[in-house]
Amino acid sequence: MTDRDRPPTSDPDPHATPGAAGTEKPAVTKRTTAKKAAAKKATTKKAAAKKTAATKTTAKKTAAKKAPAQAATKAAATKAAAKKASAKKAPAKKAAPARTTTPVAASPATSPSASPAPSSSVSPAVPFEDRERLIDGTHHDPHAVLGAHPVPGGIAVRVFRPYALGVAVHAEGLQVELRHDGDGFFSALLPLAEVPAYRLEVAYEGTVLHTEDPYRFLPTLGELDLHLIGEGRHEQLWQVLGAHPMTHQGVEGTRFSVWAPNARGVRVAGDFDLWDGTAYPMRSLGASGVWELFVPGIGEGELYKFEITRPDGSKTLRADPMARRTEVPPATSSIVHASHHEWGDEEWLARRAEQPAHEAPLSVYEVHLPSWRPGLSYRELAEQLPAYVKDLGFTHVELMPVAEHPFGGSWGYQVTGFYAPTARLGTPDDFKYLVDALHRAGIGVIVDWVPAHFPRDDWALAQFDGRALYEHSDPLRAAHPDWGTLEFDFGRREVRNFLVANALYWCEEFHIDGLRVDAVASMLYLDYSRESGQWTPNVHGGRENLDAVAFLQEMNATVYRRVPGVVTVAEESTAWDGVTRATHHRGPSGFGGLGFGLKWNMGWMHDSLQYMSHDPIHRRYHHGEMTFSMVYAYSENYVLPISHDEVVHGKGSLVSKMPGDWWQQRANLRAYLGFMWSHPGKQLLFMGQEFAQGSEWSEARGPDWWLLDPSYGAAADHRGVLDLVRDLNTVYRATPALWARDVHPDGFQWIVGDAADDNVFAFLRYDDRGSPLLAVSNFSSAVRPDYRLGVPDDVPAWAEVLNTDAARYGGSDVVHPDPVKPEPQGWHGRPASIRLTLPPLATVWLRPA
C-alpha cells in the first residue's frame with residue numbers, strides 16, 4: 001500500500017474503535033474491599049460479605065475491555081530488589097492430582113467446613129510489604145509469598161482471594177480453614193514436614209469453589225526458551241508467549257506469558273476473575289522481561305487482557321500482543337485459543353517447493369476478503385472463492401492483510417493483533433479451513449504482511465508497558481509522518497524476534513505460501529517523508545535505516561530456511577539495490593541483498609497506466625513509457641501489479657482509466673491486459689478488474705457482481721473481459737515461454753520497440769528450450785493490414801493462440817484463423833518476416849504452429 005493511498009489512522013475517524021489513542025475509559029475497580037473493611041473494623045462479617053459481593057457484581061458489569069483508572073504514583077522498585085526477588089524459585093515440590101474446578105452450592109455467607117488452623121508462635125501471614133505490593137499490583141514474584149512454603153514449625157499456606165468469605169486447604173487427610181488476615185489475604189500454618197498436594201476450597205457469597213492454587217506451580221517456561229527470547233532468536237515465539245491451554249504438573253489450565261520488561265507488575269484479568277486481576281499477579285522471569293502465570297481451570301474461549309503497572313505506578317489494561325484469537329472489533333479483548341483444524345493439503349505442500357516462484361507461472365488475484373462477497377465468513381468464502389479463482393485460471397490469491405485491526409477502513413494495514421486472523425470473518429481455525437480449501441483447489445495463498453508500523457490505540461502495542469517498547473524510543477524515529485502510526489524499533493532484538501517469528505507463524509501455522517511485505521520503502525529510509533532536521537543520519541552518515549535492512553535480511557533468510565516453497569514479495573517503490581538479491585551477496589552499494597523472492601514493479605505500473613490514459617492519437621509522444629521497463633527489467637525479480645492502490649481514492653477503476661467511448665475503453669483494457677500478461681514478470685490483478693467494473697473499489701460494498709447478471713443489458717460486455725482473463729491465464733500457464741525465463745535477459749527479444757508512429761510493440765518470449773511466443777500489441781485505433789514483422793527463420797509457421805479483439809471478448813473480430821507462414825524477406829534485422837493484419841486496440845499472441 002503506498003503512502004499516498006493509505007487511509008488515515010483510525011483515531012480521528014467516527015467509526016474508529018473505542019479506546020483508540022487519546023480516548024480515556026471508565027475505570028475497573030482494582031482495589032479489594034478488604035481495605036474498606038480495615039477502615040471499618042466494626043462492620044460485621046456478614047455486612048462485609050455483602051459489600052464485597054456487590055463490588056464483585058459491579059466489576060463484572062464494568063467489563064472487560066475498559067482500561068483501569070490511573071493509580072497513585074508509586075516509587076519505582078530498585079534494581080537490586082528486583083534481582084533479588086526474581087531469583088527466588090517457586091517452592092512447590094509435589095503436584096496435586098488433576099481435578100476439575102467445580103462450583104458447589106452453599107448457603108450465603110458461609111465459610112468452608114474445616115478444622116480451625118492450628119495455633120503457632122510463627123505467623124504464616126503475608127508480610128506487610130508483600131501485602132502492599134500484591135494489592136498495588138507491583139509484586140514481581142508472588143509465588144515466593146503465596147502458595148505453600150516450609151517455615152519453622154510447619155508449612156505456611158498463604159492465599160490472596162479478594163471478595164472471598166473464607167478459604168480452606170484440603171490436603172491428604174487434612175482440612176484446615178485459613179485465617180482471614182484482612183485485605184483478602186488468608187493464611188494458616190500446617191503441622192507438616194513438607195509441602196503436601198493440596199487444593200483450595202474458596203467460599204464466596206452463594207457459592208463455594210474447589211480449585212487448584214495457581215501459586216503452587218513451577219514456571220512453565222524453560223531456561224532455553226528464556227535464553228532464546230533474551231537473544232531475540234526464538235523462531236517459534238508464539239509457542240511460548242501468549243495464552244496456551246495446557247496440562248501442567250498434571251493439572252489442566254492456561255499458561256499466560258507476556259513480554260513487558262518495563263512493568264513494575266503484571267496481572268491477568270478476564271471473564272474468569274470478573275476483570276479484576278488483583279488475585280492473579282504474574283511472576284517476572286528475571287532479565288528476560290517475561291511475566292508468567294499458570295491459571296488452573298481456565299481453558300479455550302476465555303476472554304483476557306494483561307493489567308500492567310507502569311513505571312510511574314499507573315495501570316493500563318492491554319490486549320495480548322501474541323494473542324492468537326481476538327474478539328470481533330470494536331471489542332478488543334484477547335481470547336484463549338487452541339487449534340483443532342486437521343489439514344488436508346499435504347499434496348500441495350509436498351510439491352510447492354519443486355520450482356522457485358520466479359521460474360514458475362505466477363498469476364495473482366488480489367482479494368479483500370471482507371468485501372469480496374460482503375457478509376461471507378471464512379468458511380462460506382471457502383465454498384465460493386476457490387472455485388471462482390480456479391475457473392479463471394489464477395495460480396494464487398493474494399489476501400489483503402487478514403491480521404486483526406480495529407478500523408475496517410484501514411483495510412487491515414493498521415494491525416493490532418499480529419498473530420490473530422481478524423475475527424470479523426470467523427475463528428483462526430475457520431481461516432485455516434479457507435486456506436486448506438484454496439490449496440486443495442490448487443491455488444496458492446499469499447498474505448499481505450505489515451511489519452512497518454502499528455496504530456496508537458491505547459489498549460494495544462503503543463507504550464505497551466509504560467515506555468516505548470515496540471516503537472523506537474526516539475519520538476522522531478517512532479512517529480510515522482504519513483499515517484499517524486508508530487514505526488517498529490527494528491534495532492531492538494526482541495522486537496525483531498516478535499516480527500520474524502510472526503512471519504514464520506503465518507507460514508507454519510496457517511500454511512501460507514507467500515508474504516507480500518507492505519511499505520518496505522518506508523522502512524528502508526530514515527528520511528522517508530521527513531524534511532531536513534526531522535531525521536538523524538545513520539552511523540555512516542547515510543539515509544539508510546540499517547536496523548530495518550538487518551531485520552528484512554533476517555526475516556527473509558529465516559523464512560526461506562524454515563519453510564521451503566514460500567515466497568516473499570516486497571512492495572518497494574524506489575531504486576534500492578538488491579531487493580531480490582540473496583542476503584549474502586553484496587552489491588555496488590556495499591549492502592547485502594534484502595533477500596526477497598519478488599518485488600512489485602511500481603515503475604512499470606505507473607508508466608504503463610500513464611501511457612494507456614492518453615488518447616491513441618497522442619500515444620506516439622509517450623511511446624517510451626511502454627518500453628522503459630525493459631531497461632531495468634532484469635535488475636530484480638518483478639511482479640507487475642495492478643493492485644487495490646490503483647483503483648481507489650478517486651483514481652477510478654482500471655477500465656475507467658482508458659480513453660474513448662465504452663467500446664474503446666474495453667478494447668484498450670483488453671489490449672493492455674494482453675500486453676501485461678506477455679511482458680516479463682509475474683501478474684497481479686485486483687478483484688473486480690477482471691470483469692471491467694466501471695466504478696472504483698469501495699471496501700463498503702466490494703465488486704459490482706450485478707454487472708455479470710444475464711438480466712443486465714451490458715452483461716455481455718463484462719463477461720467478454722472476464723472470458724479474456726480466463727483465456728490469458730490458461731494460455732499463460734500452458735506456455736513456459738511466458739514465465740520460465742522471466743528473470744533472464746535471454747528470455748526476451750524485441751522485434752520492434754520503436755514504432756512510435758504506429759503505436760505498435762512486438763517482441764519474442766523464449767522458454768528454456770528456446771521455443772518462442774510472439775506478442776504484438778497495436779495501441780492505435782486503426783486497423784493495420786499487412787503489417788510486416790521480422791521473425792526467426794527456424795519457425796515454419798505461426799498460429800494465433802490469443803487475440804484480444806476476438807468477438808467472444810467483445811472485439812471487432814479481426815483474427816487470424818489460419819497459420820501464418822514466414823516469407824524469406826528480412827525485416828527488423830531478422831532473416832524472415834510475416835505479414836499480419838493488426839486489429840485496432842488489441843494484442844495478439846502467436847506461437848509455432
Side-chain angles (χ1 to χ4, degrees), residues 1-7 357-358 362-366 396 398 400-401 411 413 446 448-453 480 482-483 514-525 527-529 543-545 548-549 552 556 567-581 589 593-613 622 624-654 657 672-673 675-677 679-686 689 696-697 742-743:
M1 187 171 189
T2 62
D3 54 319
R4 64 183 184 279
D5 299 314
R6 183 82 55 179
H358 61 276
L362 189 76
S363 176
V364 182
Y365 183 61
E366 188 185 22
H396 289 70
E398 180 176 312
M400 291 166 66
W411 313 330
Y413 288 98
I446 300 170
D448 279 14
W449 185 54
V450 192
H453 63 127
H480 198 290
D482 290 338
W483 306 319
L515 297 172
R516 177 268 194 184
V517 183
D518 182 62
V520 172
S522 74
M523 301 165 65
L524 291 175
Y525 297 98
D527 62 345
Y528 184 87
S529 287
R543 56 197 283 257
E544 300 86 2
N545 187 338
V549 171
L552 290 170
N556 280 312
V567 63
T568 59
V569 186
E571 185 214 20
E572 205 285 314
S573 55
T574 75
W576 184 278
D577 173 50
V579 172
T580 58
R581 190 171 59 239
S589 64
L594 296 183
F596 284 94
L598 298 168
K599 171 184 172 175
W600 274 20
N601 194 335
M602 310 294 281
W604 173 89
M605 175 274 297
H606 179 271
D607 290 346
S608 62
L609 289 180
Q610 182 71 20
Y611 175 87
M612 295 303 300
S613 69
H622 302 275
E625 292 174 351
M626 290 293 262
T627 60
F628 181 64
S629 59
M630 291 311 302
V631 174
Y632 60 87
Y634 303 105
S635 61
E636 303 281 3
N637 304 337
Y638 283 116
V639 174
L640 311 179
I642 300 299
S643 73
H644 63 277
D645 279 328
E646 311 316 316
V647 295
V648 289
H649 296 323
K651 294 181 180 180
S653 67
L654 187 57
K657 298 177 189 293
Y672 179 70
L673 293 175
F675 177 84
M676 172 181 172
W677 253 254
H679 189 285
K682 311 307 179 183
Q683 292 77 40
L684 179 141
L685 190 65
F686 184 60
Q689 313 317 304
E696 70 180 20
W697 171 63
D742 269 331
V743 300

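Just so you know, these numbers use all the heavy atoms, side chains as well, and skip hydrogens, waters and symmetry mates. Everything quoted here is computed from the prediction, not taken from an experiment.
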Report the distance from atom [atom1] of [X] to atom [atom2] of [Y], rounding to the nearest 0.5 Å.
{"X": "K682", "Y": "M676", "atom1": "NZ", "atom2": "CE", "answer": "12.5 Å"}
{"X": "M612", "Y": "H622", "atom1": "CE", "atom2": "NE2", "answer": "13.0 Å"}
{"X": "D742", "Y": "H679", "atom1": "CG", "atom2": "NE2", "answer": "10.0 Å"}
{"X": "I642", "Y": "L609", "atom1": "CD1", "atom2": "CG", "answer": "4.5 Å"}

Just by modelled atom types, is the [Y] backbone N or O under 3.5 Å from a matching donor or acceptor in the [X] side chain?
{"X": "E366", "Y": "H644", "value": "yes"}
{"X": "Q683", "Y": "S363", "value": "no"}
{"X": "E625", "Y": "Y611", "value": "yes"}

(message) I'd like to know if E571 and R516 make a salt bridge, using a cut-off of under 4.0 Å between side-chain N and carboxylate O.
(response) yes
(request) If the plane angle is over 60° it's perpendicular, under 30° parallel, otherwise tilted; pick one for W604 and Y672. (result) parallel
(message) Is the ring pair W411/Y413 parallel, tilted or perpendicular, if the boundaries are 30 and 60 degrees?
(response) perpendicular
Is the closest side-chain heavy-atom distance between [X] and [Y] below 4.5 Å?
{"X": "M523", "Y": "N545", "value": "no"}
{"X": "V517", "Y": "P451", "value": "yes"}
{"X": "E646", "Y": "L654", "value": "no"}

(message) Going by salt bridge (Lys or Arg N to Asp or Glu O under 4.0 Å), name the pairs with one or both residues in residues 630-640, residues two or more places apart or in two chains.
(response) none
(message) Assess, by modelled atom type and distance only, whether the side chains of Y525 and T574 contain a donor and an acceptor separated by less than 3.5 Å.
(response) yes
(message) Can you list everything that forms a ring pair (Phe, Tyr, Trp, His ring centres under 6.0 Å) with F628? Sequence neighbours excluded, please.
(response) Y632
